[in-house]
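Below is one structure, written out as structure tokens, with a few remarks after it.
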Amino acid sequence: MTHAFYVALSYAASGIVVAVLVGWTLLDGRAQQRALKELEAAGIRRRSAARDQAEKKA
Amino acid sequence: MSEPIPAIKKFSDLANPTIFLGLTARIVPFLAVATALMFAFGLYLAFTTEGDYQQGETVRIMYVHVPAAWLSMMCYSIMAASALGTLVWRHPLADVSAKAAAPLGAGFTFLALVTGSLWGKPMWGTWWEWDARLTSVFVLFLMYLGLMALTRALDDPAKSARVAAVLILIGFVNIPIIKFSVEWWNTLHQPASVMRMDGSAIDGEFLRPLLVMAGAFTLLFFTLHFLAIRNEIWRRRVSAQRRLAARMANRES
Amino acid sequence: MMALFIRDMKLAVRAGGGALIGVLFFTTVVAVVPFGVGPDLNLLSRIGPAIVWIGALLASLLGLDRLFQAERDDGSLDLMLMQETPLVLTVLVKCLAHWTATGLPLVLASPLLGLFMNMNEVAIGAVMLTLLVGSPAITFIGAAGAAVAVTLPRGGLLVSILILPLTVPVLIFGVSASYAAVEDPAPFLPPFAFLAAITLFFAVIGPLGAALALRGSSD
């Protein structure tokens, strides 16, 4: 077991942990956004969203 | 996101989730690019600089181990500041920020533990040493996991925000005590060498990649933190609208 | 305040012997250890103080989640929140009552368990003294956890997970003070003084945190 082995292993571990954190954050964001879109398609809006549109028209 | 974003006039405007979402959409691409560039530069430096005459190649582990350990501390400090924001100013986003930071902190603390262990094996000849630093970081890791379990067990965000904030703050004032007691218990690790009053004890050859990597990891943390806060805001909107939908369906039937 | 103390004491004694169950748990945990490590008396006397301390720590966590649960169930928690006396003081008195009902019996039971672990008289005395000084700290810091648990339907286990890392300093100084009393070169007073300081510190921030959490969860 050379020292390079441990170096490679620790960089691999860092890569995996960072990839998991990034991937989880992005996937979670996508899932939430999809849920929001589905709800919006079903005709449910935030109370303030209606007001926003009224303001835009004015 | 192409819709116009309301301008931020004062700090309290950040409390408005819509404004925060707009800000996130504008900032995160820059942060992500900066993170990638910084990582590329840091990794380049980390692998082109010379190895230490004593530790050989393994000194390169330091370039990921120390930034991860530093982030594990910074993340808890951010959570404590957010908890203070929840308790004192009742800032509505502070609670979201604390909740979003916990998994990130746990991830970086885990990384610090793993790389520390991988560094310890060739240096000390053992995977795990019950020395002061490793042990207190391990206790910190346990605290992160406990807080994550707590924030996920509490389902009503309005109620749970203050409760979780109290525990975060109690943990925060305890960290120095834990650190001190564990050091009393066992002093084996080398003394702190980067932060010293008489200047850094580490040679500039190692310091440069270390600082660049620390910057890269910090940028990565802030990028992920922004994204996680955004996800949490969306999650709360989804659950609020689900409730609304259920109420409307109830009324129609 | 005195009335609250006496009321809590009476409830603790009457409510199915909560104190007795704590002591029983303590005894069982300590008694199980020799089956794990073997009946070697020398080894047992060496690890004895540590085992007794860990047993006491686990046993005092056992009853903590009930500290505010009964009050919440029968509604007297809301009365406490509305009282004129500061909530912190009320919580402090409740902690003291809880410690007298469950912590003190553990301290009193520890010499017997010390005998089981083949500890000498000095070590037994030291463990008793450190437990007497250190166990209130566990109750105080646990009160904050118990206040959090009030909002949860099944918070007992979660409280233990959250509180145990915070009790590490208590355990470290308690055990090292007990060992220092037996082994000659190590001084007894510094760790003991630190233990007392931690107890006093937790006596402030534990009830403070618990009061904040109770207020946060009520409205």
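Chain naming here is simple, since letters A, B, ... match the order of the sequence lines and numbering starts at 1 in each.
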Heavy-atom contact with chain B under 4.5 Å, split by part of [X]:
| X | result |
| --- | --- |
| L164(C) | neither |
| L166(C) | both |
| I141(C) | side chain |

At their closest point, which heavy atom of [X] faces which heavy atom of [Y], and how far apart are they?
| X | Y | value |
| --- | --- | --- |
| P165(C) | L142(B) | CG-CB, 4.1 Å |
| I161(C) | G146(B) | CG2-CA, 4.3 Å |
| A144(C) | I170(B) | CB-CD1, 3.4 Å |

Inspect the surroundings of [atom1] in [X] and state if more than 12 heavy atoms from other residues, nucleotides or ligands are less than 6.0 Å away.
| X | atom1 | value |
| --- | --- | --- |
| F110(B) | CZ | no |
| M148(B) | CE | yes |
| W99(C) | CH2 | yes |

- [ ] Specify which of L150(B), V139(B), V173(B) makes the most heavy-atom pairs with chain C at under 4.5 Å.
- [x]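 Among the listed options, the one with the most contacts to chain C is L150(B).
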Task: Separation of I205(C) CD1 from N174(B) CG (nearest 0.5 Å) - done: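 If we round to the nearest 0.5 Å, N174(B):CG and I205(C):CD1 are 5.0 Å apart.
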TODO: Indicate yes or no: at least one non-hydrogen side-chain atom of L162(C) is less than 4.5 angstrom from one of M143(B).
DONE: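 In short, these two side chains do not touch, never coming nearer than 4.5 Å.
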Open item on the list: With a 4.5 angstrom heavy-atom cut-off, is it the side chain or the backbone of L167(B) that approaches chain C, or both, or neither?
Closed with: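 Side chain only.
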Task: Engaged part of L140(B) at the chain C interface, taking heavy atoms whose separation is under 4.5 Å - done: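 For L140(B), neither part sits under 4.5 Å from chain C.
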